[in-house]
Each structure stands twice: as C-alpha cells, then as structure tokens.
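One-based numbering, in listed order, for ligands and for the atoms of each. For the numbers below, each heavy atom of this structure counts, side chains included, while hydrogens, waters and symmetry mates do not. One-based numbering along the sequence shown.
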Amino acid sequence: MRKSFICPTKYVQGEDEILNLGYFVKTFGASALLIAHPDDVTRVKDKLDDTATRFGVTFVESGFNGECSRPEIQRLKEIAVAQSCSCVIGLGGGKAIDTAKCVARGEALIIVPTIAATDAPTSHSAVIYTPEGAFEDYDYFKQSPSVVLVDTTVIARAPTRFLVSGMGDALSTYFEARATANSYSNVNAGLPCGYREGACGPAKGTNAALALATLCYRTLIKDGLKAKLACDLNMVTPALENIIEANILLSGLGFESGGLAGAHAIHDGLTILGGTHEYYHGEKVAFGTLAQLILENSPIEEIHEVLDFCLEVGLPVCLADIGVGNITEKELAAVAEKSCIAEESIHSMPFPIMAANVSSAIMVADKIGKDYKNRKACK
Ligand SMILES: [Zn+2]
C-alpha cells in the first residue's frame, strides 16, 4: 500500500518568537517579501523592527490587499522578483498565509500565524478566491512551508474567539482521520505538485498521522478550557501552549496526512446558508463533527464527551449556534446535496453515503446538541 506524510521542514513555537524571524530569513538571504495585512504588521511592528536590525535583514512590505486572488498573487510575485527577495513571509491569518504559499510555490517560505484559528499554516495547499471574495479553486505546492514560526505571546493577545474556533477545526481532525483510516481512503499528503497532471499516484495515511490526530483530540479534552481562560486573560500558560500546538501543528499534520471526511464536507454544505457566514470556519466544523458522529453512529459516551468539550469552551452544538435559527426542508436538502458532491471528503467515510443520510444526521445532531445544552443550563 502506498502511504504518504507531509510536514513543514521546521516548526518553532515560543514566547516573543517573532524576535527570531530575522534569523530564519537570513538562512535564505538578505531580504524577505512580507505578505501581511497592515493591521497585523502594526500589531508586531516593534518585534519586526528589532529582529530586522539584530539580524541585518530587510522586510519588503507588499501592501497586501487582503484577498488571496490570482491578480493579487501575480502583483506580489512581481514585487518579489523586482526587489530580489530571498524568501516570502506570510504573516497573519488564513488569507495572508495562503497568499504567501501561492507566491512562494513550494520554495523558501516562512509562515507566521498571528492567530490560531485554523490548521492552515503547516499545509502545502491554499484556497484561491476571486478578487470579489468568492471561492475559486484549491492550489497545491510541491512542499510545505520551510518554517512555521509561532509567537505564543501574540496569539495570547488575539481575541479568544479565534483560539476557540481553532479548537473547533482541531476537534474534527481525529474523527476524520479515524474514518479515513477505516475506509483506506486517500489523503492530501499524497497529492503531487501539479496534481491535475497526475504526475504521481494517490496515497493512504500513515500510522504517524493517525497518532498525531489522536493526540490532538486528547490535548483538546485535557487543556481546552484552561487554554481558553488563559487567552481571556492574554496570558501564556502551559495549557495555552499545548492548545496552540494542537490547533496549528497536530491538527495541521493530522488533517493533511490523516485525511478529511464527514465533518469538513458537512461544513462545506452548511456554507450555502447565509446565516452561517457570520461564523468562523472552525465553529461550523465543530457542528459538522457532531453531525459526522451521528452519521457514523458513534457511542453516546463519545458524543457526550464532544458535547461537554464544546459547551465548556463555547463552540456551537446546534444549528442555532451557527446562525441557522430554522431550516426549511429545501435548505436542508441543498446542504446535504452539497456535502455529498463527488469531490467531497464525505466519501472517505467507511460506508456509502447519500444526501438523505446527511440530512438526517444534521437534524439529529441539532436535536442532541440543543437538548444537551438545555439540560446543562438547567443544572
Ligand atoms: Zn478545517
């Protein structure tokens, strides 16, 4: 059986770690194209200035327009060439990170997440949008980022909702990797560069990836609440460090090399409902996870453990929690259809799935979540 595992060359996480960014730039050369939203640059300006001076490197600011679109990627590539940048830095949230991946195309790339809201920083893929912000396509690169550098002090000072949303994204990782392993489905780590040309073949997940995904889940259950409270106080504690590692590293390697399945597909389906647009990726994935557990008839103890965790940290457990107060039969059918299109990861579940199964799972997950929440509130 062909198996594959992919990860960044280096992952480093610590307090005030951005002070070492210049060191990593210097391993590539004298200057880096900095792709970051101006607000994020402002947040860490003192540290950037300090590390640039200390290591004698230059950050070429790009005036990133905030959208990971083809024209913006092209504009940034031209700046990198004109300024002879030795590497690319993606600093900030998902869009800046994905744009930097598209500009670097698997070459020298340093990713500096300033929030821990998703598991995108470590991956070798990006989501491309139109200049107006609509989904366009996925892109895959030959390598993961060279360095993922995480400054825990910066993440502790970001709004807690980002960290909690990251926990929602990380919550699905184990259950999706488990389903993918049970069905012997392919994982993203097996996708070659230029996968559309089919340069290489597909691959299954490794035991290593499933072990990381399992550790990711256990870490959330053990340290999730403590980390949320630390983030509320903008304090770095061992629990917060563990959750940052779970959200970014464990979940990142776990999803890419362990596989996606029901939770993310149901998330994708839910995005057609306007009400969900105010909610973050990880918040919707948390509800998608609950729906996957219903779909696969997971034991009630497991469902209760997930519900307890979600309520503890403040993740959604029912449709109303993600902006869907009521759903018509037609809307539900459309969500389920979208979750089940041929390219969706839902087909990595270890049994055949039809849209009607997904509709039922969503409604039962909603009811279980709602009832459980009400019961807890009455105690
Ligand atoms: Zn995700």
query: Which heavy-atom pair separates Ser62 from Leu33 by the least distance, and what is that distance?
result: CB-CD1, 4.0 Å
query: Which atom pair, heavy atoms only, marks the closest approach of Ile6 to Ser257?
result: N-OG, 3.0 Å
Heteroatom of Asp169 nearest to the Zn ion (ligand 1) (N, O or S, atom name): OD1
message: Could you check whether Glu176 and His264, counting side-chain N and O atoms only, form a donor-acceptor pair closer than 3.5 Å?
response: yes
message: Restricting to N/O/S atoms, is Asp119 within less than 2.8 Å of the Zn ion (ligand 1) or not?
response: no
- line: Looking at His281, the N/O/S atom that lies nearest to the Zn ion (ligand 1) is called NE2
query: What class does the angle between the rings of Tyr140 and His124 fall in, given that below 30° is parallel, 30 to 60° is tilted and above 60° is perpendicular?
result: perpendicular
